[in-house]
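In what follows, a single structure is set out as structure tokens and then discussed.
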Amino acid sequence: CVTRIETIEGKVLAEQKPKREQVLDARIAYIVTDMLRDVIKGNGTAGHLNGRPGRPAAGKTGTSQNNKDAWFVGYTPNLVGLVYLGPDRGQKGLPAGAGALAAPVWATFMEKALVGVPPVDFTKPAGLVERAICDVTSLLATAVCPNHAEYFVAGTDPTVFCRVHRELHITICRKSGLPAGASCKDTEVRIFDAEHRPTGQCRRCSAWDNFWKWLTGKSDTKSDSGSGAGGGTGGGTGGGANDRDNQSQIGDDGPTGNDQNKERQQSPLRKLFSP
Ligand SMILES: [Zn+2]
Ligand SMILES: [Zn+2]
């Protein structure tokens with residue numbers, strides 16, 4: 001609130017003793033401040049302040065149509081500053097908006113007003129939780145989402161994970177680098193997002209199994225390999241999602257594999273001699 005209005009010569013025009021009253025939940029205030037801190041950095045509307053005023057601060061620009069008025073209201077934990085720029089009689093607009101004009105005036109004022117005052121950070125109240133949020137969907141981030149941290153009042157934090165960047169645990173054959181089939185022995189589980197999951201399936205290992213079976217008439221692997229279904233061990237489930245015991249896949253509707261059965265119709269011999 002306004003405590004004193006004085007002229008540039010120091011003549012006091014009005015004075016008021018402040019009465020304090022808390023009007024906002026401290027947790028909400030902290031979250032709003034956390035958002036408004038982004039205004040003066042990076043891609044914020046006053047982002048070109050570029051670290052000014054050199055201490056923890058938050059603020060908000062305000063620009064009216066055609067840049068007629070430009071506001072910036074900003075604060076540190078111990079000082080609030082407000083800048084208004086505009087014509088005395090509403091003729092023409094300013095040459096730029098509030099971020100470019102009012103914010104630097106505010107920053108200059110704050111820097112001078114706080115000379116000698118040690119920087120302090122905003123105090124985080126109890127009862128907040130920090131969550132990684134997907135930049136794209138604003139849902140809880142999976143391990144593969146582009147994400148940023150956000151605060152929530154405990155109990156109001158999102159519980160649903162992003163479904164665009166789904167974390168897929170796919171068993172990969174180390175020999176071929178492709179999703180493993182039942183014949184692959186040297187495998188590891190790797191994590192992919194749904195959009196960049198590998199397609200197809202290792203044929204190299206099953207080719208030897210099939211060749212062995214073709215030679216001897218018996219299989220030396222599990223019965224689901226080379227069962228005469230024309231290769232593609234795992235039945236074309238795609239994405240390596242067969243039933244090997246080290247196979248796991250998070251997400252209840254993972255790749256269906258309907259688009260990945262190109263190799264399915266090949267005989268063991270063709271598989272053996274194809275590259
Ligand atoms: Zn995501
Ligand atoms: Zn393999």
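Read the numbers this way: they start at 1 and go in the same order the structure lists the ligands and their atoms. Side chains are part of it too, since the values below use all heavy atoms of this structure and drop only hydrogens, waters and symmetry mates. Just so it is clear, the structure is predicted and the values come from calculations on it, not from any experiment.
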Open item on the list: Side chains of Ser206 and Ser183: any donor to acceptor distance under 3.5 Å?
Closed with: no
- [ ] List the steps and the verdict of salt bridge (charged side-chain N to carboxylate O under 4.0 Å, His left out) for Lys11 and Glu9.
- [x] CA-CA 6 Å; Lys11 184 183 166 200; Glu9 294 87 12; over 6 Å; no
Open item on the list: I'd like to verify the contacts: list protein N, O or S atoms under a distance of 2.8 Å from the Zn ion (ligand 2).
Closed with: Cys173 SG, Cys184 SG, Cys202 SG, Cys205 SG
Open item on the list: Once rounded to the nearest 0.5 Å, what's the spacing between atom CG of Leu114 and atom CG of Leu79?
Closed with: 5.0 Å
- [ ] Can you measure from CZ (Arg4) to CD (Glu15) and round to the nearest 0.5 angstrom?
- [x] 5.5 Å
Open item on the list: If hydrophobic residues (ILVMFWY) are linked whenever their side-chain heavy atoms come closer than 4.5 Å, directly or via other members, who joins Val12 in its cluster?
Closed with: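 Val12 shares its hydrophobic cluster with no other residue.
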Task: Any side-chain heavy-atom pair of Phe152 and Pro158 under 4.5 Å - done: yes
Open item on the list: To check your reading of the site, what angle at the Zn ion (ligand 1) do SG of Cys145 and ND1 of His165 form, to 10°?
Closed with: 110°
